[in-house]
Amino acid sequence: VSATGSDLNYKFIVDRDSGEVSATHSVTMTYEDCGTDLNTHVKEVHRGTSIATAIDEYLVGSNNCDEVNADYLNDEQLLVTSATTRFTNIDGAVEEGITWKQVFGKGIFFLPPHLDAARADEEMRTLMEACVEPLGRQCMLLRKCPSCTSEVHRNIVYQRLTPFPAFQEGISTADTVDIPNLFMNQWRENNNVMHVDYELYTSVSDALAKTGEWQAPDYNNNNNNYGFPRNSGPIVHIGNQWNSYKWGGGTAHEHGFFVEVPSATTSA
């Protein structure tokens, strides 16, 4: 038994011996140039219906691939060269009179550290020690966080006061530290005591003038993956401004870490 319409054909088949019934159908389709991109064409054909709005979830429209790809890759912690224009990056730029080198970041500042933990630590350690000879101090580390809900946490300067201990991957111990991990995931007090090993400031100018040091440090006391600066604040603890590359939560989902690049014009 078969039925035929203008575009659609149905066929029902009955097995004489078993009595089983099966069905098939086919459709005739003609492809042609719609004169525009598919997204626009669908919106025109289905104007005023839910299809016209729902199609944006599946078709991105003409010349929008880079932006959509960047959004997807950003969510998935991936990066390709063709999408880099979508991400914010001040690597090599001058801010507050100082040139900065990005080391890692998330969201609009997305940049993963080196996959090898020892190499990532060595690179960051070398960058931060580059100011010792010309300036008599470690280079400043700046975290920019436009998504942080606390205004004083949107720009934080970490000024190291003492040399970092030897490297050991993972959580800090009494004698070792993994510098990228310390800031990314496990902000600990070991070898990282406020007013002894480092100071925090709300601006580069305060850091250079050595004024306005933060007074309320906070750290992980276990294996939690809360990164910099945990709930530290200028006067009292302020929550949910920490970053983490292993856990969700907090408001620092758009942030980047940048190390000062020494120059002849930077003061000690």
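Along the sequence shown, the residues carry numbers beginning at 1. Worth knowing before you read on, the calculation uses all heavy atoms, side chains too, and leaves out hydrogens, waters and symmetry mates. The shown structure was predicted, so the numbers you read here are calculated from the model rather than taken from an experiment.
Aromatic ring centres of W100 and F109: separated by at least 6.0 Å. Aromatic rings of Y226 and W187 (six-membered ring for Trp) have centroids beyond the 6.0 Å cut-off, not under it.
Under the side-chain hydrogen bond (donor to acceptor under 3.5 Å, both in side chains) criterion, S18 pairs with D15, not counting sequence neighbours. Shown here are the salt bridge (Lys or Arg N to Asp or Glu O under 4.0 Å) partners of R154, two or more places apart in sequence or in another chain: there are none.
A distance of 11.5 Å separates CG in N225 from CG in N243, rounded to the nearest 0.5 Å. Put simply, CG on N224 and CZ on R230 are 6.5 Å apart, with the number rounded to the nearest 0.5 Å. Considering CG of L142 and CD of Q159, their distance stands at 12.0 Å, rounded to 0.5 Å. Here the CD1 atom belonging to I108 is positioned 11.0 Å from the NE2 atom belonging to H255, to the nearest 0.5 angstrom. In this structure, the separation between NZ on K43 and OG1 on T49 is 9.5 Å, given to the nearest 0.5 Å. Atom CG of N185 sits about 9.0 Å away from atom CG of D178, to the nearest 0.5 Å.
Here the closest non-hydrogen pair linking G48 and A52 is N-CB, 4.5 Å. The two residues C139 and P262 make their nearest non-hydrogen contact at SG-CD, 4.0 Å. The shortest non-hydrogen separation linking I235 to A216 is O-CB, 3.4 Å. Of all heavy-atom pairs between G35 and D33, the closest is N-OD1, 2.8 Å.
When atom types are taken as modelled, the side chain of T176 and the backbone of A166 share no donor-acceptor pair closer than 3.5 angstrom. Without hydrogens or angle criteria, K106 side chain to S244 main chain gives a donor-acceptor distance under 3.5 Å. For the pair N220 (side chain) and N222 (backbone), a donor-acceptor distance under 3.5 Å is absent. Using modelled atom types, no side-chain atom of N9 and backbone atom of S26 make a donor-acceptor pair closer than 3.5 Å. The backbone N or O of N240 lies less than 3.5 Å from a partner atom in the side chain of T251, making a donor-acceptor pair. The main-chain N or O of S150 is found under 3.5 Å from a side-chain atom of Q241 such that the two form a donor-acceptor pair. A donor-acceptor pair under 3.5 Å is absent between the side-chain atoms of R143 and the main chain of F183, judged by distance alone.
In the hydrophobic cluster analysis, where Ile, Leu, Val, Met, Phe, Trp and Tyr join through side-chain heavy atoms closer than 4.5 angstrom, W242 is grouped apart from I179. Under the 4.5 Å side-chain heavy-atom criterion for ILVMFWY residues, a single connected hydrophobic cluster contains both M124 and Y245. In terms of hydrophobic clustering, with Ile, Leu, Val, Met, Phe, Trp and Tyr side chains grouped at heavy-atom distances under 4.5 Å, L208 and V157 are assigned to a common cluster. Criterion: ILVMFWY side-chain heavy atoms under 4.5 Å apart, direct or through other members. Under it, Y10 and V27 are part of a common hydrophobic cluster. Under a hydrophobic-cluster definition in which Ile, Leu, Val, Met, Phe, Trp and Tyr are linked whenever side-chain heavy atoms come within less than 4.5 Å, directly or via other members, F104 and I171 are assigned to different clusters.
When side chains are defined from C-beta on, P229 counts as touching H153, because their heavy atoms get closer than 4.5 Å. Two residues are said to be in side-chain contact when any heavy atoms from C-beta on lie closer than 4.5 Å; Q138 and F164 meet this criterion. Using a 4.5 Å heavy-atom cutoff, the side chains of S147 and H253 are in contact. Side chains of K11 and H25 form no contact here, defined as non-hydrogen atoms less than 4.5 Å apart. Considering only heavy atoms from C-beta on, M140 stays 4.5 Å or farther from Y201 through its side chain.
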Atom pairs and distances, side-chain donor-acceptor, residues 189-197, under 3.5 Å, sequence neighbours left out:
| residue | atom | partner | partner atom | Å |
| --- | --- | --- | --- | --- |
| N190 | ND2 | S172 | O | 3.2 |
| N191 | ND2 | T173 | O | 2.8 |
| N191 | ND2 | A174 | O | 3.4 |
| N192 | OD1 | Y158 | OH | 2.8 |
| N192 | OD1 | R160 | NH1 | 3.4 |
| N192 | ND2 | R188 | O | 3.1 |
| H195 | ND1 | E199 | OE1 | 2.8 |
| H195 | ND1 | E199 | OE2 | 3.2 |
| H195 | NE2 | Q215 | OE1 | 3.4 |
| D197 | OD1 | T162 | OG1 | 2.7 |
| D197 | OD2 | N192 | N | 3.2 |
| D197 | OD2 | V193 | N | 2.9 |

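Side-chain polar atoms of N39 and D37 form no donor-acceptor pair below 3.5 angstrom.
For the pair K144 and F258, the NZ or CZ position fails the cation-pi test of under 6.0 Å to the six-membered ring centre and within 45 degrees of the ring normal.
H237 NE2: more than 12 foreign heavy atoms inside a 6.0 Å radius.
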